[in-house]
Amino acid sequence: MSSQSIKLPDKLTVDTVLQIYDRTREILRKPEQLTKIEFDFSDLTQIDSAGVVTLEKLQNDAATKGIEVTFENIAPSIENTIQTFSRKVTGAPAKKERQHPLEYLGGYTYL
């Protein structure tokens, strides 16, 4: 049983995701004895929606092979960006505020 650590570059954007994607896919092609992949975010200062979607795709690909994926050393600003662009739903759904009848007429909301 082993783990593999992947250190992310300073930017994980549309211009750089292919390198990380290819590197991780190569690791996933030979999963013998691999139980965990750790993405090290310690150098990452910028991530965009392409970076977030790529990480989610790699996480899903690893899960289909029974490999756990963890994210290490994530800065709060990067974590906020990930939550903004993530397609995964986390936490309980927000409660919908009850609207006054005059605000909701015929299926349209008036502010």
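Heavy-atom basis, side chains included; hydrogens, waters and symmetry copies ignored.
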Below 3.5 Å, can you tabulate the donor-acceptor pairs from side chains in residues 43-52 to any protein atom, sequence neighbours excluded?
from: Thr45; atom 1: OG1; to: Asp10; atom 2: O; distance (Å): 3.1
from: Asp48; atom 1: OD1; to: Ala50; atom 2: N; distance (Å): 3.1
from: Asp48; atom 1: OD1; to: Gly51; atom 2: N; distance (Å): 3.0
from: Asp48; atom 1: OD2; to: Val14; atom 2: N; distance (Å): 3.1

Decide yes or no on side chain to side chain contact (heavy atoms under 4.5 Å, CB included) for Thr64 and Asn60, but give the supporting numbers first. CA-CA 6 Å; Thr64 63; Asn60 291 338; 5.7 Å; no
Please report the interatomic distance [atom1]([X]) to [atom2]([Y]), rounded to the nearest 0.5 Å.
| X | Y | atom1 | atom2 | answer |
| --- | --- | --- | --- | --- |
| Thr24 | Gln19 | OG1 | CD | 11.5 Å |
| Ile6 | Phe39 | CD1 | CZ | 4.5 Å |
| Ile37 | Ser3 | CD1 | OG | 9.5 Å |

Decide yes or no on side chain to side chain contact (heavy atoms under 4.5 Å, CB included) for Val17 and Val53, but give the supporting numbers first. CA-CA 10 Å; Val17 292; Val53 171; over 6 Å; no
Tabulate below the donor-acceptor pairs under 3.5 Å that side-chain atoms of residues 67-74 make, not counting sequence neighbours, or state none.
from: Thr70; atom 1: OG1; to: Glu72; atom 2: OE2; distance (Å): 3.1
from: Asn73; atom 1: ND2; to: Asp40; atom 2: OD1; distance (Å): 3.0

Could you tell me which non-hydrogen atom of Lys7 sits nearest to which non-hydrogen atom of Ile20, and how far apart they are?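 Reported closest heavy-atom pair: O-CD1, 4.4 Å.
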Please give me the minimum heavy-atom distance between Gln4 and Ile27, naming the atom from each residue.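 Closest heavy-atom pair between Gln4 and Ile27: CG-CD1, 3.6 Å.
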Residue pair Leu55 / Phe85, side-chain heavy-atom distance below 4.5 Å: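 No; the side chains remain at least 4.5 Å from each other.
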Are the side chains of Thr54 and Leu18 in contact, using a 4.5 Å heavy-atom criterion?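 Counting from C-beta outward, Leu18 and Thr54 never come under 4.5 Å.
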Give a yes or no on whether the backbone of Ser2 and the side-chain of Thr35 come within a donor-acceptor separation of less than 3.5 Å.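 Checked: pair present.
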Any ion pair linking [Y] and [X] (charged N to carboxylate O, less than 4.0 Å)?
| X | Y | value |
| --- | --- | --- |
| Glu26 | Arg29 | yes |
| Asp61 | Lys65 | no |
| Lys36 | Glu38 | yes |

Could you go step by step and tell me if Ile78 and Leu12 meet the side chain to side chain contact (heavy atoms under 4.5 Å, CB included) rule? CA-CA 10 Å; Ile78 298 295; Leu12 191 58; over 6 Å; no
Derivation of the side chain to side chain contact (heavy atoms under 4.5 Å, CB included) call for Gln83 and Glu79: CA-CA 6 Å; Gln83 290 174 355; Glu79 191 169 3; 4.0 Å; yes
Check ring-ring contact (aromatic ring centres under 6.0 Å, His included) between Tyr21 and all other residues, then give those that pass, not counting sequence neighbours.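 Per chain and number, Tyr21 pairs via ring-ring contact (aromatic ring centres under 6.0 Å, His included) with no residue.
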